[in-house]
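The structure under discussion appears below in the form of structure tokens.
Chain A is the first sequence line, chain B the second, and so forth, proteins listed ahead of strands; every chain is numbered from 1. Side chains are part of it too, since the values below use all heavy atoms of this structure and drop only hydrogens, waters and symmetry mates.
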Amino acid sequence: RLRKWQRRIRVSNATERNLAFALSELDRMASALGLPRNVRETAAVVYRDAVDKNLIRGRSIEGVAAAALYAACRQCSVPRTLDEIAEVSRVSRKEIGRTYRFISRELGLKLLPTSPIDYVPRFCSGLNLKGEVQSRAVEILRQAGERELTSGRGPTGVAAAAIYISSILGGERRTQREVAEVAGVTEVTIRNRYKELAEKLDIEIIL
Amino acid sequence: MNEHRPEESLKIENIVASAKVTDSLDLPSLASRLKDAEYNKKRFPGVVLRMQDPKIAALVFGSGKVVLTGAKSIDSLSRGLQILADQLRALGIDIPENPEYKIQNIVTSADLGTPINLNKIAVGFNLDKIEYEPEQFPGLVYRLDDPKVVVLLFGSGKLIITGGKVPEDAQRAVQRILSELSSLGLI
DNA sequence: GCTTTAAAAAGTAAGCT
DNA sequence: AGCTTACTTTTGAAAGC
């Protein structure tokens, strides 16, 4: 019986040690990305749920932690791309992506794809654009969604294009290069998306 | 030019099949005696053979098993296997008259003829059997249980059906998707 | 899980002129 | 800006790490 006790204590220690490591990893990554406390707490809940359902088997703690953080950002409407999560993790984007799909399915997270609108506040503040420009970008994206101009397109690219357009309409022009930089897409993508949005939403852009 | 009949737009794009043509093969000598052979044991355990007539690529293993990929019809697949068998016979290897083969996967393309809203489809299915991550890939992934295939749906209304064993699997998948989308009022 | 083959879909990316 | 090449996703078998 003493053996059994010791074993339980050993397992318990390992479990606690792993959980502590996971939580410190979540905190480290969240800090590096400047994420608010509610996102860290949400990520911790997702991670604990994954542990309770034995979803860590065969997966690295760091991989599950990164996937949990990615999911938490989306749940809290402050999305980070897989590339951004991967930058502060030692796990590859590919591994985080597959782990995310796995825990998302197993925990029944049912997350709809990220809306381009959720990227607007972060990208606009990164470009020092005022609320008015931000609101106009959101309105453009709302219309774009209804007109099926977002199906299959990357959310960050569409958001970047809408911000590029609204910055011009609002008289606070940002270059494609500047917008591309904060959005993490190429200028070519912004060009393709903004031309499509301007044409189909009948927005006149005078440079 | 465009018939716009979804069920008439089906086109087989690729067929993967496996077969056992003999009990064992000496890959090093086989690779050196066949002109279009490629063999790097360090890189991959099989010999890669490329045919031009039916444009097919064959992977030949030391066990005598073979994998054929690239065929766009069951007929060209059979011809490809015959050509491979003849090439091996020319090397003095005994190969059965009509080697048995099994189709492992058929990739088919199709067109619903109308653009579709992937976001609404994802919501309509309540994300059941569906994966849609436009940040990563523009297509919506839909896994069907019957027929057991995976369908990639695009905003243009075009789609890819893969994982089927017989041509009819793709046909049934398209019919099922058409009825599900229409009953959900998404097409 | 990876390696290799082929193929389509549509978006994004990178290199070169 | 535009063209080319290439990578993302899915599927399946083969032998071996």
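The existence of a salt bridge linking B/K120 and A/E148 is excluded, since no basic side-chain nitrogen approaches an acidic carboxylate oxygen closer than 4.0 Å. Checked for salt-bridge contact, A/E139 and A/R136 miss the test: no charged N lies under 4.0 Å from a carboxylate O. For B/D23 and B/K20, the salt-bridge test passes: some basic side-chain N is under 4.0 Å from an acidic carboxylate O. Checked for salt-bridge contact, A/R153 and B/E135 miss the test: no charged N lies under 4.0 Å from a carboxylate O. In summary, B/E38 and B/R43 engage in a salt bridge, as defined by a charged side-chain N under 4.0 Å from a carboxylate O. Under the 4.0 Å criterion applied to side-chain N and carboxylate O atoms, B/R172 and B/E168 are not assigned as salt-bridge partners. Salt-bridge formation is not detected for the pair B/K148/B/D169: no Lys NZ or Arg NE/NH1/NH2 atom is positioned less than 4.0 Å from an Asp or Glu carboxylate oxygen.
Atom NZ of B/K20 and atom P of D/dA14 are 11 Å apart (whole Å). Protein atom CG of B/N105 is 12 Å distant from nucleotide atom C1' of C/dA8, rounded to whole Å. For the pair B/M51 CE and C/dT5 C1', the computed distance is 13 Å after rounding to whole Å. Taking atom CG on B/L118 and atom P on C/dA9, their separation rounds to 16 Å, with Å as the unit. Rounding to whole angstrom units, CD of residue B/E100 and P of D/dA13 are separated by 17 Å. Atom CG of B/L112 and atom P of C/dA9 are 14 Å apart (whole Å). The interatomic distance linking A/I96 (CD1) with C/dG1 (C1') rounds to 17 Å, in whole Å. Note: CG (B/L59) to C1' (C/dC2) measures 15 Å, nearest angstrom.
Nearest heavy atom pair, residue A/L201 against residue A/I140, reads CD1-O, 3.8 Å. Between A/T99 and A/R59, the shortest heavy-atom contact is CG2-CD, 4.0 Å.
Between A/T186 and B/G139, the one whose closest nucleotide on DNA chain C sits nearer the 5' end is B/G139. Both B/P134 and B/P45 lie near DNA chain C, and the one whose nearest nucleotide falls closer to the 5' end is B/P45.
Side-chain nitrogen and oxygen atoms of B/S63 include at least one within less than 4.0 Å of the OP1 or OP2 phosphate oxygen of D/dA15. Not one side-chain nitrogen or oxygen of B/S18 sits closer than 4.0 Å to the OP1 or OP2 atom of D/dA14. Proximity of B/T69 to the phosphate of D/dA13: no side-chain N or O atom is located under 4.0 Å from OP1 or OP2.
Within 4.0 Å of B/S109, counting heavy atoms only, lies no atom of the nucleic acid at all. No engagement by A/R59 is indicated, since no non-hydrogen atom pair under 4.0 Å with the nucleic acid exists. Here B/G80 lies out of heavy-atom contact (under 4.0 Å) with every strand. Within the 4.0 angstrom heavy-atom criterion, only backbone atoms of the sugar-phosphate kind lie near B/K55; the bases stay farther away. Across all strands, B/T108 comes closer than 4.0 Å to no nucleic acid atom at all (heavy-atom distances). Across all strands, B/K72 comes closer than 4.0 Å only to sugar-phosphate atoms, never to a base (heavy-atom distances).
Taking the C1' atoms as reference points, D/dC3 lies 23 Å from C/dA7, given to the whole Å. Look at the P atom in both C/dA9 and D/dG2: the space between them is 23 Å, to the nearest Å. Rounded to whole Å, the P atom of C/dT3 lies 10 Å from the corresponding atom of D/dT8.
Open room surrounds CG on B/D94; 12 or fewer heavy atoms of other groups in view lie less than 6.0 Å from it. Within 6.0 Å of NZ on A/K110 lie more than 12 heavy atoms contributed by other residues, nucleotides or ligands.
Of the residues in residues 147-160 of chain A, those lying under 4.0 Å from DNA chain C by heavy-atom distance are A/G152, A/R153, A/G154.
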Any chance you could list the contact pattern along nucleotides 1-10 of chain D? Use B for base contacts, S for sugar-phosphate-only contacts and - for none, protein heavy atoms under 4.0 Å, 5' to 3'. S------BBB

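Nearest nucleotide to the side chain of B/Q104, out of C/dG11, C/dT5, D/dA13: D/dA13. Listed candidates were C/dA10, D/dA14, C/dA13. Nearest to the side chain of B/K158 is C/dA10.
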